[in-house]
Amino acid sequence: MSGLFTLGAFSVAINPLLPWPVLVGLGGVYGALILFALARRARGTTWRVVAGLLITFALLDPSLIEEQRAYQKDVAVVLVDRSPSQNLGNRAQETDAALAEVKRQLATFQDLDVRVIEGGGGPDTAEKGTELMGALQRGLADVPLRRLAGVIAISDGQVHDIPPLTNPSGQGANLGIAGVLGFDAPVHLLLTGNPKQGDRRLLLTEAPSFGLVGKPIELKFRVDDLGGKNAGSAMVTIRRDGQSMAPITVPVGEEQTIQLPIDHGGQTVFEITAEDGPQEITRANNTAVLSVNGVRDRLKVLLISGEPYPGERVWRNLLKSDPSVDLIHFTILRPPNKQDATPINELALISFPIDELFDIKLKQFDLIIFDRFQHLGILPEEYFYHIVDYVKNGGAVLESAGPSSAGQFSLYKTPLIDIFSAAPTGDVITRGFRPTLTDVGKRHPVTADLAKSDEDAAKWGRWFRQIVATTRGGNTLMTGADGLPLLVLDHVGKGRVAELFSDQLWLWSKGFEGGGPQAELIRRVGHWLMQEPELEEEALRATVIDGRLEVERQSLGNQPATVDATSPDGKVTKLPLTDIGHGKATAQMPAPDQGLYRVSDGAKEAFAASGALNSLEYRDPRASTEPMTPLVSATGGGIQVYEESGWPVLRRVSAKSERAGRGWFGLKQNRDYVVTGIEQSPLVPAWVALLLSLGAVLLAWKREGR
């Protein structure tokens with residue numbers, strides 16, 4: 001058994017020549033003899049003790065071990081901020097000049113390896129800000145942290161991922177830099193930009209993401225002069241979907257509340273801009289873009305069924321299943337022309353509230369559906385004119401025709417003929433046919449996706465009755481027997497009209513011959529009639545997703561070859577459209593900048609908001625030492641402002657020395673090493689120990705002989 005005792009680079013190894021039990025036993029016997037000699041006060045006892053110790057030393061055979069060490073170079077990191085705010089003013093040029101100077105100075109140290117880490121950019125910088133510490137940790141993943149001499153950050157100071165340095169429990173105890181960052185080395189800051197320069201910003205303090213159509217939303221915002229006195233006033237302009245609204249003047253530094261109108265469903269984009277302030281670093285934070293999704297509050301539908309039949313319940317169930325629809329349903333069971341001897345006071349039926357529905361509350365409905373309705377004198381002619389005006393001013397009517405629609409009591413014999421783009425001829429076909437999509441129907445968003453292919457559409461179940469009609473306008477989306485119009489949609493003034501020339505839709509709901517997409521068809525027709533934006537047949541849409549502008553062009557006709565995309569900086573890019581079928585064409589381009597993108601095809605415009613509601617990157621674009629000061633101080637680093645003091649002098653310092661001072665940054669000497677070999681030599685040669693022990697024995701014998 002051996003032992004090892006270490007001191008610095010040297011170690012002493014013990015390699016006993018005899019087993020430890022034997023050595024202990026011999027030592028015990030020898031010790032007893034020495035004690036006996038001491039008790040007898042024998043002469044020469046001291047020399048006998050010395051001889052025993054020398055013999056023991058020889059038997060232990062100690063040796064000196066010396067490590068052969070190769071000292072490793074320390075690693076100095078230059079952390080370069082390449083975030084968007086570093087492109088403001090002269091910061092980019094200052095950063096490049098500072099990087100060149102720091103690298104020049106570091107090259108003079110032969111015991112340093114230099115690593116340059118750049119970070120802070122990326123498509124989500126507007127939302128997350130400058131994440132410089134994350135870039136540092138990724139860049140140091142393959143570096144032994146015990147060799148880190150220090151970090152020199154070249155930045156405007158606006159870093160948003162500084163780790164907390166205090167205990168989250170609130171006790172305020174320092175967590176230790178090694179525990180937070182994973183290393184114990186100074187972090188220095190070389191600040192770019194002018195910290196004395198101010199800036200104006202527009203900050204949205206409360207902004208909704210959706211609003212009810214027809215009702216204004218409430219927006220709260222504040223205009224601040226950072227680095228200034230926050231006094232005076234500023235003019236704020238607002239654009240809604242590219243159209244300017246009346247400008248307003250607001251006091252600087254005070255939160256303001258304004259009402260913004262939502263007049264259509266789908267996306268409404270507001271662009272709010274504050275005029276330039278007395279000092280401006282960037283105008284990027286003078287403008288905020290807000291995208292609000294307009295939704296309708298309970299679409300009100302009036303369903304009037306002319307007579308009971310199997311399809312009546314299908315219409316009711318389909319409309320009731322839509323959570324966004326508030327349905328009012330009437331069935332005319334006792335028309336005025338029905339005469340019998342039943343006294344009025346014995347009837348269980350209520351009278352049809354004609355005046356209330358078609359005079360007082362008509363404009364409250366988003367859609368009116370006539371299902372196999374015959375007028376039969378139920379509605380005075382005046383009320384049909386009310387319905388015509390209702391449609392032309394933005395209302396919607398759906399007429400589901402039955403056999404009576406071809407007769408003398410048809411709605412087409414009333415003033416409603418003025419809003420219908422197709423009319424029955426008086427004939428009714430009563431044989432089986434399969435509804436078929438027309439070429440227009442394959443491109444119209446109402447019907448384009450009802451079938452994945454013509455083969456799927458050919459599997460739809462048959463219907464067995466169709467009212468023969470001729471068209472004078474509108475878009476025929478589906479045809480039936482003999483290629484005659486089956487489903488016709490049309491725009492009338494500000495409103496819309498749909499006509500279905502069959503009462504056999506209910507067969508699909510029963511699954512006859514495999515059925516068909518009756519629920520989706522009715523849902524889409526209803527929402528198109530109520531002008532839902534996603535079902536517009538001529539539309540241009542734009543969205544920004546994951547740093548890319550995606551454009552979709554919907555059309556019933558030929559698509560244009562290109563669209564013009566205008567970036568927030570005013571640059572116009574022509575994007576080629578790619579036809580993807582179903583009347584849609586798409587295009588895309590990178591969208592790295594925050595702000596409003598405009599897309600135009602010459603006839604329509606679309607808008608897309610990019611970036612966070614309030615950009616964290618530009619929330620405070622001033623050069624500032626404040627965000628990084630706690631980290632720099634905790635690591636013993638230093639701060640120097642480039643514009644005020646120029647370059648810092650770099651020095652090598654010991655682990656326990658000051659790490660920064662006025663005009664200089666220190667880089668710690670770690671003296672890390674690897675052992676390349678071991679040299680072992682006897683501490684005292686065995687023959688020397690034996691000679692010495694023999695000499696001691698002789699001296700003891702001589703002393704005893706006197």
Side-chain angles (χ1 to χ4, degrees), residues 264-265 296 299-306 315 318-319 325 327-328 357-358 362-375 379 381 383-402 404-406 409-425 435 437-438 440-441 443-447 466-480 484-503 505 521-533 535-539 556:
H264 64 79
R296 296 183 184 273
L299 302 171
K300 294 184 178 180
V301 177
L302 173 62
L303 171 61
I304 303 175
S305 299
W315 279 100
L318 288 175
L319 293 168
V325 169
L327 177 66
I328 298 177
L357 293 178
F358 296 101
L362 179 62
K363 294 182 180 180
Q364 297 181 9
F365 293 105
D366 298 290
L367 171 62
I368 299 174
I369 301 176
F370 292 103
D371 178 28
R372 287 184 33 147
F373 181 81
Q374 304 177 69
H375 65 84
L379 293 181
E381 188 171 284
Y383 287 164
F384 286 114
Y385 284 113
H386 288 180
I387 296 173
V388 172
D389 292 338
Y390 156 80
V391 171
K392 291 183 177 180
N393 287 296
V397 166
L398 168 60
E399 209 272 335
S400 178
S404 59
S405 298
F409 299 112
S410 168
L411 286 176
Y412 296 91
K413 305 288 185 180
T414 70
L416 294 186
I417 189 62
D418 187 39
I419 62 173
F420 290 138
S421 56
T425 63
L437 295 180
T438 64
V440 173
R443 300 179 65 87
H444 200 290
V446 169
T447 52
Q466 179 173 355
I467 304 344
V468 179
T470 58
T471 60
R472 61 180 182 181
N475 293 310
T476 301
L477 307 190
M478 301 176 72
T479 57
L484 293 170
L486 182 62
L487 176 62
V488 181
L489 306 183
D490 195 14
H491 294 258
V492 179
K494 296 180 180 179
R496 302 183 180 189
V497 174
E499 299 169 82
L500 181 63
F501 290 101
S502 177
D503 58 354
L505 177 67
L521 175 62
I522 293 304
R523 187 193 71 81
R524 293 188 187 184
V525 169
H527 284 263
W528 177 85
L529 286 166
M530 292 179 281
Q531 304 186 29
E532 290 301 308
L535 292 170
E536 290 295 325
E537 59 267 49
E538 297 292 336
L556 300 182

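Residues take their numbers from the sequence shown, with the count starting at 1. Note that the coordinates shown come from a computational prediction; the quantities given were computed from them, not determined experimentally.
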**Student:** Residues in ring-ring contact (aromatic ring centres under 6.0 Å, His included) with Y383, at least two apart?
**Tutor:**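 Checked Y383 against ring-ring contact (aromatic ring centres under 6.0 Å, His included); matches are H386.
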**Student:** Restricting to side chain to side chain contact (heavy atoms under 4.5 Å, CB included), what partner residues turn up for D389, sequence neighbours left out?
**Tutor:**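 Only N393 meet the side chain to side chain contact (heavy atoms under 4.5 Å, CB included) criterion with D389.
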**Student:** If you measure from CG on L477 to OG1 on T447, what distance do you get to the nearest 0.5 Å?
**Tutor:**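 These two atoms lie 4.5 Å from each other.
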**Student:** Under the side chain to side chain contact (heavy atoms under 4.5 Å, CB included) test, which residues partner P533, sequence neighbours left out?
**Tutor:**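 P533 satisfies side chain to side chain contact (heavy atoms under 4.5 Å, CB included) with no other residue.
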**Student:** Search all heavy atoms of P415 against all heavy atoms of V388 and return the closest pair with its distance.
**Tutor:**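 Minimum heavy-atom separation between P415 and V388: O-CG2, 3.5 Å.
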**Student:** Please tabulate, for side-chain N and O atoms in residues 363-371, each donor-acceptor pair with protein atoms closer than 3.5 Å (sequence neighbours left out).
**Tutor:**
{"from": "D366", "atom 1": "OD2", "to": "K300", "atom 2": "N", "distance (Å)": "2.8"}
{"from": "D371", "atom 1": "OD1", "to": "Y309", "atom 2": "OH", "distance (Å)": "2.7"}
{"from": "D371", "atom 1": "OD2", "to": "Y309", "atom 2": "OH", "distance (Å)": "3.2"}

**Student:** Checking R523 now: which residues fulfil side chain to side chain contact (heavy atoms under 4.5 Å, CB included) with it, not counting sequence neighbours?
**Tutor:**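 R523 satisfies side chain to side chain contact (heavy atoms under 4.5 Å, CB included) with D322, E520, H527 only.
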**Student:** When rounded to the nearest 0.5 angstrom, what distance separates CG in L416 from CD in E399?
**Tutor:**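 The CG atom of L416 sits 9.0 Å away from the CD atom of E399.
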**Student:** Please give me the minimum heavy-atom distance between L411 and F373, naming the atom from each residue.
**Tutor:**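 Minimum heavy-atom contact is CD2-CD2, 3.5 Å.
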**Student:** Side chains of V525 and L500: does their closest heavy-atom pair fall under 4.5 Å?
**Tutor:**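 Sidechains of L500 and V525: no contact.
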**Student:** Which atom names give the shortest non-hydrogen contact between T476 and T479, and what distance separates them?
**Tutor:**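 For T476 and T479, the tightest heavy-atom pair comes out as CG2-CG2, 4.1 Å.
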**Student:** Should D418 and K392 count as side-chain neighbours, where that means a heavy-atom distance under 4.5 Å?
**Tutor:**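 Result yes, sub-4.5 Å side-chain heavy-atom pair found.
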**Student:** Taking all atoms of both residues into account, what is the closest heavy-atom pair of I467 and P424, and its distance?
**Tutor:**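 Where I467 meets P424 most closely, the heavy atoms are CG2-CB, 3.7 Å.
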**Student:** Is there a donor-acceptor contact under 3.5 Å from the side chain of Q466 to the main chain of F501?
**Tutor:**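 Pair absent, no side-chain N/O of Q466 close to backbone of F501.
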**Student:** CD1/I419 to OH/Y390 distance, rounded to the nearest 0.5 angstrom?
**Tutor:**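 That separation rounds to 9.5 Å.
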**Student:** With a 3.5 Å distance limit and no angle check, can you tell me whether R496 reaches the backbone of L529 through a side-chain donor-acceptor pair?
**Tutor:**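 No; judged by distance alone, with no hydrogens or angles, the pair does not exist.
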**Student:** When rounded to the nearest 0.5 angstrom, what is the spacing between CG in L556 and CD in E538?
**Tutor:**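 Spacing of CG (L556) from CD (E538) equals 5.0 Å.
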**Student:** What heavy-atom pair brings G480 and L486 nearest, and what distance separates the two atoms?
**Tutor:**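 Nearest heavy atoms, G480 then L486: N-CB, 3.9 Å.
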**Student:** Can you tell me how far apart CG (L303) and OG (S400) are? Round to the nearest 0.5 Å.
**Tutor:**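 Rounded to the nearest 0.5 Å, the CG-OG separation comes to 9.5 Å.
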**Student:** Give, for atom OG of S410 and atom CD1 of I417, the distance between the pair rounded to the nearest 0.5 Å.
**Tutor:**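 Reported to 0.5 Å precision, the distance equals 7.5 Å.
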**Student:** Please list all pairs meeting salt bridge (Lys or Arg N to Asp or Glu O under 4.0 Å) that have one or both residues in residues 467-479, counting only residues at least two apart or in different chains.
**Tutor:**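 Sorted pair list comes back empty.
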**Student:** Test of understanding: with ring-ring contact (aromatic ring centres under 6.0 Å, His included), list the residues that count as partners of F420, not counting sequence neighbours.
**Tutor:**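 Scan of F420 (ring-ring contact (aromatic ring centres under 6.0 Å, His included), adjacent residues dropped) gives Y412.
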**Student:** Anything under 3.5 Å between a donor and an acceptor, one on a side chain of residues 488-495, the other on a protein residue two or more places apart or in another chain? List them.
**Tutor:**
{"from": "H491", "atom 1": "NE2", "to": "E537", "atom 2": "OE2", "distance (Å)": "2.6"}

**Student:** Would you say the side-chain atoms of Q531 pair up with the backbone N or O of E536, donor to acceptor, closer than 3.5 Å?
**Tutor:**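 Side chain of Q531 to backbone of E536: no pair is present.
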**Student:** Check whether any side-chain heavy atom of L487 lies under 4.5 Å from a side-chain heavy atom of L521, and answer yes or no.
**Tutor:**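 Yes; the side chains approach each other to less than 4.5 Å.
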